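Counting starts at 1 for both ligands and their atoms, in listed order. As the structure is a computational prediction, the values presented were derived from the model and not from experiment.
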Amino acid sequence: MIGTIVWLATVVAINASAYQPLVEVREPLSSTAPPKCKCYPGDSCWPSTAGWAALNRTVGGRLIRATPPGAVCYDSFEGVPTKNAIKCAEVALQWTNASWTADQATIPMIPLWSNNTCEPNTATGQPGPPGGCSDACSIGFLSQYAILAKSADDVAAGVNFARTKKLRLIIRNTGHCFMGRSTGYGALVINTHRLSSIKFENKCSLCDDHSGGVVKVGAGVMLKDVYAQAWPKNLDVLGGECPTVGIAGGFVQGGGQGPLSGHYGVGSDHAISFDVVLASGKVVTADAKNNADLFWALKGGGMGTFGVVISVTLKTYPTIPVTGMGLTITDTGDRFWEGVRIWHTMAPTYTAAGMYVWYAMQEGSLIAQPFVAPNMTIQQFNTVVAPLLAKLRAANVTFMTTEVRTFSKFGDLYQNMWFTAFHSSGLGAYFGGRMISQQDVKERGNDIVAAFRKMSDKYPGQVLFGGHLVNPGNRIKDPEQKLSAVHPVWRDTADIQIFLYLPPPCMSAQQRAEAESRVTTELGGILRAVTPKSAVYSNEGDINEPNWQDAFWGPVYPKVLKIKKRYDPNDVFWSKSSTGSEGWALQDNLKLCKVT
Ligand SMILES: Cc1cc2nc3c(=O)[nH]c(=O)nc-3n(C[C@H](O)[C@H](O)[C@H](O)COP(=O)(O)OP(=O)(O)OC[C@H]3O[C@@H](n4cnc5c(N)ncnc54)[C@H](O)[C@@H]3O)c2cc1C
Ligand SMILES: *[C@@H]1O[C@H](CO)[C@@H](O)[C@H](O)[C@H]1NC(C)=O
Ligand SMILES: *[C@@H]1O[C@H](CO)[C@@H](O)[C@H](O)[C@H]1NC(C)=O
Ligand SMILES: *[C@@H]1O[C@H](CO)[C@@H](O)[C@H](O)[C@H]1NC(C)=O
Ligand SMILES: *[C@@H]1O[C@H](CO)[C@@H](O)[C@H](O)[C@H]1NC(C)=O
Ligand SMILES: *[C@@H]1O[C@H](CO)[C@@H](O)[C@H](O)[C@H]1NC(C)=O
């Protein structure tokens, strides 16, 4: 009854002849009151066609209506026929190609974050959906509009439009975030992947503590692009291991770790300047002298939340020699896990030597390849690793090692020894993870490996692990978080670990929620219980991590939150489980609304 009265009053107040959807009844009547949700298609506040056209002119025609690329495998999209067997075969072929995915306007690397919408059948390459899934292609959780930005002006136009029209805004670079942060229903996407400039300089004019040079990289540059130019110049840039991750985007804003982190520290420690578009649309520089608080926050303090980074300038270093080796353990049952226990509990000895160990693991197979030892000779390497191999032998664990090799620079090791699992796009996995501290490994190392086994046994064949045994605090301590706004555990870590849970295909909304809760509560719960002194890497964890503020940023959080509020008081930027996101929540993965 009350509902009816309000409904009538609303209709009369607005326009007796205009149809308003029933949901509008709950909107505040006063036009000055802030809306409860961002504006979405179908809302009266959604921009008109003329409004979009005006934005398009401002950005030089670089606004696109983004149709899901897989639509060509389906009969139609939004009522328009789309099926094209030849184009579908191409999409099916490229679906797992991470470079191709990075080039797309809106789709995520992990299709779960688009609601697996309009997927091609990668098994057969035939036009049509994967067997058993929906045969309709709809927008899912994707955005319809994207600006393929070429300049800071394009980005500023997008920010201004989203702010004034109260749209959800997504900053999308490569779409690599496996936590789903670069995808969003009904958002205006600012796609930064085409900001691709790379400029090296021999000197660092802004530095007082760095004798090397710098490289200024555009927001869209991927690690492989900067590596491809740095290595021939005999320069190292501290990036990560995945070739197609963007260095200026999520990587630096989440901290960033890589194969040389035991020697050089956290990725963001090396940033000396950012060009940024603020929520106001203003383009500013953030460095030690200008906007110093923003500069600090952008170094690990949260992705997609302080502004749109246009470029970052990073320190470069003359290359150093590296030694590497691969280790695989293939055994079964208790002996497999005993091998893992021996190898993992010794992580502090490798990390104390500045080493990094990349690994992928599932019941019956550990691939720890490579061990990366910056500036160590083969002899020094063997001294560190000999006790591990002796213990594995004594326990009769079946294992193999590759030849130990020294390369004159990291780039050569990377090209020769890297095991490239997980570098493809299209993976059907939910992720969780934990940055396991030195202290936890030293005090509870056996319990931690027992927990891995318990997780693996819980959903046999559906739980995989990956990780990086490395301590970015090995040489670069930063006890007062002056260099980077990262959780202090970053400087006392033994394993930056990721686990994957492979859910069944073609899930309903209900099954999706159950799968996410398995990751957060069951699997995540097992690991949390044995790692009380650990944290979570904000880029490599569970998007639904409970108390994420503390897990991702710990004691640093109050300070980065204050900076977020100073630079973006009206939440133009919002990124799930990133700094300052607590005032809003996604409803069923769709609309972003104020938390009341
Ligand atoms: C296969 C794989 C391997 C990985 N390996 C490593 C590794 O070795 N080391 C490591 O540290 N991490 C690694 N990561 C994690 C990676 O650093 C994060 O996923 C990172 O967020 C990706 O950033 P992006 O800009 O490429 O991706 P996107 O998904 O496009 O963006 C990620 C987040 O950053 C925001 N963002 C992007 N661009 C900008 C911008 N210009 N301004 C403001 N916000 C922006 C987005 O809004 C989103 O919140 C890996 C990820 C994958 C998938
Ligand atoms: C924007 O303009 C370009 C060039 O005129 C056009 O190709 C494109 O379709 C327009 N985008 C939208 C969303 O209308
Ligand atoms: C992957 O995609 C990139 C970018 O679109 C393309 O250049 C490359 O050829 C593709 N790789 C393969 C194997 O098709
Ligand atoms: C997401 O996918 C499920 C399963 O196909 C479907 O039931 C649901 O309607 C989809 N949601 C959206 C918003 O597309
Ligand atoms: C590499 O090791 C050598 C010998 O131990 C040392 O003299 C040199 O300073 C190290 N180089 C770097 C960059 O740490
Ligand atoms: C390993 O195998 C040897 C020979 O078969 C045996 O004597 C020894 O007890 C085994 N050790 C362990 C720890 O199982």
Test item: Trp296 and Leu483 side chains (from C-beta on) under 4.5 Å apart, heavy atoms: no
Nitrogen or oxygen of Gly246 less than 3.5 angstrom from that of ligand 1: yes
Aromatic plane relationship, Trp95 with Trp100 - under 30° parallel, 30 to 60° tilted, over 60° perpendicular: tilted
Aromatic plane relationship, Phe178 with Phe431 - under 30° parallel, 30 to 60° tilted, over 60° perpendicular: parallel
Side-chain H-bond candidate by donor/acceptor type, Gln144 with Glu78, under 3.5 Å: yes
Trp113 and Tyr185: CA distance, side-chain angles, deciding distance, ring-ring contact (aromatic ring centres under 6.0 Å, His included) verdict: CA-CA 10 Å; Trp113 300 119; Tyr185 167 78; over 10 Å; no
Proximal atoms of ligand 4 relative to Gly140 (non-hydrogen, under 4.0 Å): 14 (O)
Proximal ligand 4 atoms for Met507, defined as those under 4.0 Å from one of its heavy atoms: 3 (C), 4 (C)
Candidate list Thr101, Thr174, Thr96, test side chain to side chain donor-acceptor pair (under 3.5 Å), partner Ser425, passing option: Thr101
Numbering as shown, the atoms of ligand 1 that approach Gly240 to under 4.0 Å (heavy-atom distance): 7 (C), 8 (O), 9 (N)
Residue-ligand contact Arg512/ligand 4, heavy atom below 4.0 Å: no
Non-hydrogen atom of Ala248 closer than 4.0 Å to ligand 1: no
Contact atoms of ligand 1, heavy-atom distance to Val308 under 4.0 Å: 42 (N)
Contacting atoms of ligand 1, where contact means under 4.0 angstrom from a heavy atom of Ala219: 41 (N)
Side-chain donor-acceptor contact under 3.5 Å, Ser268 with Ser484: yes
Side chain to side chain donor-acceptor pair (under 3.5 Å) assessment of Lys199 paired with Ser311: CA-CA 11 Å; Lys199 217 171 112 210; Ser311 65; over 6 Å; no
Ligand 1 atoms in contact with Arg181 (distance to a heavy atom under 4.0 Å): 48 (C), 49 (O)
Winner among Val245, Leu298, Val221 once heavy atoms are compared against atom 17 (O) of ligand 1: Val245
Sub-4.0 Å heavy-atom approach of Ser575 to ligand 1: yes
Donor + acceptor pair across side chains of Arg512, Asn116 (<3.5 Å): yes
Pairs touching residues 262-286 that satisfy salt bridge (Lys or Arg N to Asp or Glu O under 4.0 Å), sequence neighbours left out: Lys216-Asp275, Asp269-Arg491
Nearest neighbour in protein (non-hydrogen) for atom 9 (N) of ligand 1: Gln257 O, 2.7 Å
Proximity of His176 and Phe251 rings by center, below 6.0 Å: no
Sidechain N-carboxylate O distance under 4.0 Å for Asp154, Arg194: no
Residues in contact with ligand 3, criterion: heavy atom under 4.0 Å: Gln94, Asn97, Ser99, Trp100, Asp103
Protein residue, atom and distance nearest to atom 13 (C) of ligand 1, heavy-atom basis: Glu540 OE2, 2.9 Å
Test of proximity, Tyr537 against ligand 1: N or O pairs below 3.5 Å: yes
Cys133 and Cys506 SG atoms less than 2.5 angstrom apart: yes
Short N or O distance, Asn173 and ligand 1, threshold 3.5 Å exclusive: yes
Contact check, Ala509 vs ligand 4, heavy-atom distance below 4.0 Å: no
Atom 35 (C) of ligand 1: the protein heavy-atom neighbour that sits closest, reported with distance to 0.1 Å: Gly304 N, 3.8 Å
Protein heavy-atom partner closest to atom 32 (C) of ligand 1 - residue, atom, separation in Å: Cys177 CB, 3.7 Å
Which of the ligand 4 atoms, numbered from 1, are nearer than 4.0 Å to a heavy atom of Asn115: 1 (C), 2 (O), 3 (C), 8 (C), 10 (C), 11 (N), 12 (C), 14 (O)
Minimum-distance protein heavy atom relative to atom 5 (N) of ligand 1: Cys242 CB, 3.7 Å
Under-2.5 Å SG separation for cysteines Cys118, Cys137: yes
Glu241-His423 side chain donor-acceptor pair, cut-off 3.5 Å: yes
Distance from atom 31 (O) of ligand 1 to nearest protein heavy atom, with residue and atom: Ser182 CB, 3.9 Å
Selected option - heavy-atom contact closest to atom 44 (N) of ligand 1, from Gln253, Met303, His468, Met222: Gln253
Sub-4.0 Å atoms of ligand 1 with respect to non-hydrogen atoms of Gly249: 25 (O), 37 (C), 38 (N), 39 (C)
Atom 52 (C) of ligand 1 [closest protein heavy-atom partner, distance rounded to 0.1 Å]: Phe178 CE2, 3.7 Å
Which of the ligand 1 atoms, numbered from 1, are nearer than 4.0 Å to a heavy atom of Glu241: 3 (C), 5 (N), 7 (C), 8 (O)
Nearest protein heavy atom with distance in Å, relative to atom 21 (O) of ligand 1: Asn539 OD1, 2.9 Å
Gly256 near ligand 1 by a heavy-atom separation under 4.0 Å: yes
Contact check, side chains of Thr285 and Ser273, non-hydrogen atoms, under 4.5 Å: yes
4.0 Å heavy-atom contact, Gly239 with ligand 1: no
